[in-house]
Amino acid sequence: MQGLEDFDDAAGAGTVFRDVLMLTLVGFVAMVIMLLPHLNQAKLEKAEHTAPGHLVVEMHWPSEMDADIDLWVKGPGDAPVGFYNPDGNAFNLLRDDRGEASDATGQNYEVSYRRGIAPGEYTVNAHMYGAWLEPVPVPVTIVVSVRKRNDELRQILRTQLLLSRHNQEETAFRFRLTSTGEVVPGSVNTLTRLMVTAPDGWES
């Protein structure tokens, strides 16, 4: 009889252990399920604020101004990249923003990025594509950033242009970069180099 009681005690202890183990596992799974939406949201927010590419050119203009302005960029050994040529050898235009037309974000914003950094001269232009009928010019902000090894974007250039008439094209920057993404000293200028409105095509 004593042996049977010892068996019952051992069986009861095993059942309690399995119950505790099962409750622990269920609690862990429940915590993971509750955390998943927060983890996914964090990844989404990081993706939304992390532009791709090693060289990133962004252009903004006020959201209340229904103007169609195009960003144009050109790097060494590449053709000009903009709304009707969105994919170059290395540069890509992510989005053609036409003001309020087909715009669900409420923001006026275009961005181009380049995979890898080639040494040489880069040009960044802004072009007023649509007719702007308001009596005030549109302030356009252009920012150039380089992605370093720690995966953080470092702003290297920033300026603001004023566009006021149909087909107006302005050069925001001409600059040279080294192979490591450093601006060559003394290379930054705003000498006009047209990409869209030159009478004979791209000016050299």
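Values below: every heavy atom of this structure, side chains too, minus hydrogens, waters and symmetry copies.
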Quiz item: Of V56, L71, L94, which meets side chain to side chain contact (heavy atoms under 4.5 Å, CB included) against S112?
Solution: L71
Can any side-chain N or O of [X] pair as donor or acceptor with the backbone N or O of [Y] at less than 3.5 Å?
{"X": "N85", "Y": "P80", "result": "yes"}
{"X": "R115", "Y": "A90", "result": "yes"}
{"X": "W61", "Y": "A67", "result": "yes"}
{"X": "N89", "Y": "D78", "result": "no"}

Practice problem: Mind checking the OG-CD spacing from S164 to E170? Nearest 0.5 Å is all I need. | Solution: 8.5 Å
Got [X] and [Y] here, is their nearest side-chain heavy-atom distance under 4.5 Å?
{"X": "L163", "Y": "W132", "result": "no"}
{"X": "Y113", "Y": "N92", "result": "yes"}
{"X": "P139", "Y": "P62", "result": "yes"}
{"X": "L157", "Y": "T159", "result": "no"}
{"X": "T171", "Y": "L191", "result": "no"}
{"X": "T178", "Y": "V184", "result": "yes"}

Quiz item: With H60, which residues qualify under ring pair (Phe, Tyr, Trp, His ring centres under 6.0 Å), at least two apart?
Solution: Y109
Self-check item: Partner set under ring pair (Phe, Tyr, Trp, His ring centres under 6.0 Å) for F91, not counting sequence neighbours
Solution: none
Same cluster (ILVMFWY, side-chain, under 4.5 Å), [X] and [Y]:
{"X": "V188", "Y": "V57", "value": "yes"}
{"X": "L133", "Y": "I69", "value": "no"}
{"X": "F83", "Y": "M195", "value": "yes"}
{"X": "M65", "Y": "L161", "value": "yes"}

Exercise. Begin from the C-alpha positions of N125 and V196 and carry the test side-chain contact (heavy atoms from CB on, under 4.5 Å) through to its verdict.
Key: CA-CA 9 Å; N125 286 7; V196 185; over 6 Å; no
Quiz item: In chain order, what residues pass the side chain to side chain contact (heavy atoms under 4.5 Å, CB included) check against N167, with sequence neighbours excluded?
Solution: H127, T197
Pairs satisfying salt bridge (charged side-chain N to carboxylate O under 4.0 Å, His left out), at least one member in [range], at least two apart:
{"range": "residues 135-144", "result": "none"}
{"range": "residues 117-145", "result": "E121-R174, E121-R193"}
{"range": "residues 175-185", "result": "K148-E182, R154-E182"}

Self-check item: Candidate pair L55 and Y122, rule side-chain contact (heavy atoms from CB on, under 4.5 Å), full reasoning
Solution: CA-CA 11 Å; L55 180 64; Y122 293 80; 3.6 Å; yes
Quiz item: Passes side-chain contact (heavy atoms from CB on, under 4.5 Å), V111 versus R95? Steps please.
Solution: CA-CA 7 Å; V111 58; R95 181 171 184 267; 5.8 Å; no
Shortest non-hydrogen contact from [X] toward [Y]:
{"X": "A172", "Y": "T190", "result": "O-CG2, 3.5 Å"}
{"X": "L162", "Y": "P137", "result": "CB-CB, 4.1 Å"}
{"X": "D70", "Y": "M59", "result": "C-CE, 3.5 Å"}
{"X": "E110", "Y": "D96", "result": "OE2-OD1, 3.1 Å"}
{"X": "R114", "Y": "G116", "result": "NE-O, 2.9 Å"}
{"X": "S179", "Y": "P119", "result": "N-CB, 3.9 Å"}

Practice problem: For atom OH of Y129, decide whether the heavy atoms of other residues, nucleotides or ligands shown that lie under 6.0 angstrom number more than 12. | Solution: no
Practice problem: Might you work through the side-chain contact (heavy atoms from CB on, under 4.5 Å) test for V146 and L153, ending with a clear yes or no? | Solution: CA-CA 5 Å; V146 172; L153 279 176; over 6 Å; no
Quiz prompt | Residue pair T141, Q160: steps toward the side chain to side chain donor-acceptor pair (under 3.5 Å) verdict | solution = CA-CA 4 Å; T141 301; Q160 188 174 88; 3.3 Å; yes
